[in-house]
J.: 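First the structure, then my questions, so here it is.
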Amino acid sequence: MKDFKKSISKSISSITNIDEENIYEYIEIPPDNKMGDYAFPCFKLAKDLKKAPQIIAQEIKASFDNIKDNTDIEKVEVVGGYLNFFVNKVEYIKSVMTEIYEKKEMYGSSGEGNGKTALIEYSSPNIAKPFHIGHLRSTVIGGALYNIYKFMGYNVVGINHLGDWGIQFAKVMAGMSMWKEEYNFEEDAIGEILKLYVRFSNEEKEKPEFTEMARQWHIKLENGDEEAVRLWSWIRQTSLDEFNKTYKLLNSKFDSNNGEAFYNDKMQAIVDELQDKNLLVESEGAKVVMLDQYDMPPCIIVTSAGTSIYATRDLAALKYRINTYDFDKLVYVVGGEQQLHFKQIFKVMALMGYEDYVKKCEHIYFGLVVDKNGEKIGSRKGNSVSLDEIINQAISKSLAIIEEKNPSLPNKEEIAKDVGVGAVIFNDLCNNRIKDEIFDWDMMLNFNGETGPYVQFMYVRTRSILNKANLEFNDIKNIDFSLLQEEETFEMIKHISNFEGTLTNALNKNEPSILTRYIINLAQLYSSFYSKHTVMCEQPNLQKARLLLTKQVGDVIKKGMEILGINCPEKM
Ligand code: ARG
């Protein structure tokens, strides 16, 4: 799109003789469109020009009105020390809509990531346990970030840092070695593995020999014992097959499933390196890195039992990623409970001399999933809900709503899938990620609320209008952009023009909710446009212009939703 800010800064620069680039930086978007489309705070120049901001504003306006060479700007107003600029609406509309028309699928992409690599680590459930609701947030937030980075041109590597190692795993193996025959793994492998795990943990409370048995399995596994490795691979693959069904529903993509186990043979090197760099100390039989100088508890590297732990594997993982991918960013999408863990990991790596890489790492955390009373869902108390159950419930609830609203719709099951999954994802991404997510069926499936189904419904509306009109836009030469200047229409076009800025902002803050809010607003703007103006009106030129706009709104909604990981059905 034409850069109106640039055009304004050029004019101000020629009037004031101040560097255009500085001026560009200062230009703001006013909070209310009655104050114009762009504003320039003149107090920024007060020092250089040695004048009061109000005077500067008056003088710039006077020259601006005199010269009249800037056809991009319709009028300038002075309000206090501010200059408010009103763009030439027709120029603006033409420029936005032409850009959308020309860039098509890539409209909104800044290309800022071209030539850069971003690693997004997300989802990372623990194997041999069901996929629970806490991992939903990581999966959904990480998935959206994956798509945002990719769309902005990054080479993205999505990593599922599976929890496929550690003592819980050894417990399952120990349990299997005793009771394998008693379980029906064919039917529901994960469910059965979990039952076995719970049984083992319960019996362990009374039988200390169980703890020792698990420890032995852990050591066997770390030493590459054949039977241990075979059992481990089976459990891992079975779990992964199960998780993949959920990933398919959620449209999650991973380029690497290298989990904790992958670093087993890379751990000794980390221990040695820490030793060489004089960072390891003995403490109560364990080997640790002291972090008291940084107000943190010690980071345990080798336990007193001689085994590696979660942190060791994370250090090995980061070292591996440094060596393998020449990354520009590494984002860990993991819950807020692990803030200390990541601070420790980053600090230890910095102490080891990898500060430059640590600067590129960020722990992107998020709040809990709570019910409408604020109670945590899926806590360890045993009220854990599996993700599959939730998604299937969302789909069947959506199907019921569709059956009621539109019983003759073809492909109801497919559409219910898009709506149900969309509702779950949208709800997760709707608010600032740091906030707890409220999980409430009525709220998230409300077709009139700020929900996924509402947005999908608005998209469907744009498509049904276009289908009725049956018009192809093979070129836009004959579109009369001056017909789209009404208040709501222009406001909507301005909003569309912020798509790229919204994505940039979402990327910089690693905050998909910025995009979600943008899409809700666009859907709402279309809704008010639609209730005020008839698209299929009598005047052919007006109809054509409104139809093109309708198509473009629909395309941007669809693209935005796709980036969030949500499919927009064509009918619903
Ligand atoms: N599997 C872990 C859990 O469920 C999350 C892993 C997060 N990633 C990491 N690099 N530590 O708690």
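Just the heavy atoms: all of them, side chains too, but no hydrogens, waters or symmetry mates, feed the values below. For clarity, every value in this text was computed on a predicted model and none was experimentally measured. All ligand and atom numbering here is 1-based and tracks the order in the structure.
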J.: I need the Arg137 CZ to Asp428 CG distance, nearest 0.5 Å.
T.: 4.5 Å
J.: In terms of side-chain heavy atoms, does Gln393 have a donor or acceptor partner in Glu389 at a distance below 3.5 Å?
T.: no
J.: Among side-chain atoms of Ser513 and Asn432, is any donor-acceptor pair under 3.5 angstrom?
T.: no
J.: Taking only Lys NZ, Arg NE, NH1 and NH2, and the carboxylate oxygens of Asp or Glu, determine whether Arg199 and Glu203 approach each other closer than 4.0 Å.
T.: yes
J.: Are the charged groups of Glu204 and Lys207 less than 4.0 angstrom apart, N to O?
T.: no
J.: Could you verify whether a donor N or O on one side chain and an acceptor N or O on the other, from Tyr332 and Ser124, lie under 3.5 Å apart?
T.: no
J.: Residue by residue, ordered by chain and number, which ones reach under 4.0 Å of ligand 1 with a heavy atom?
T.: Glu121, Ser124, Asn126, His135, His161, Tyr310, Asp314, Tyr332, Val334, Gln338, Phe342
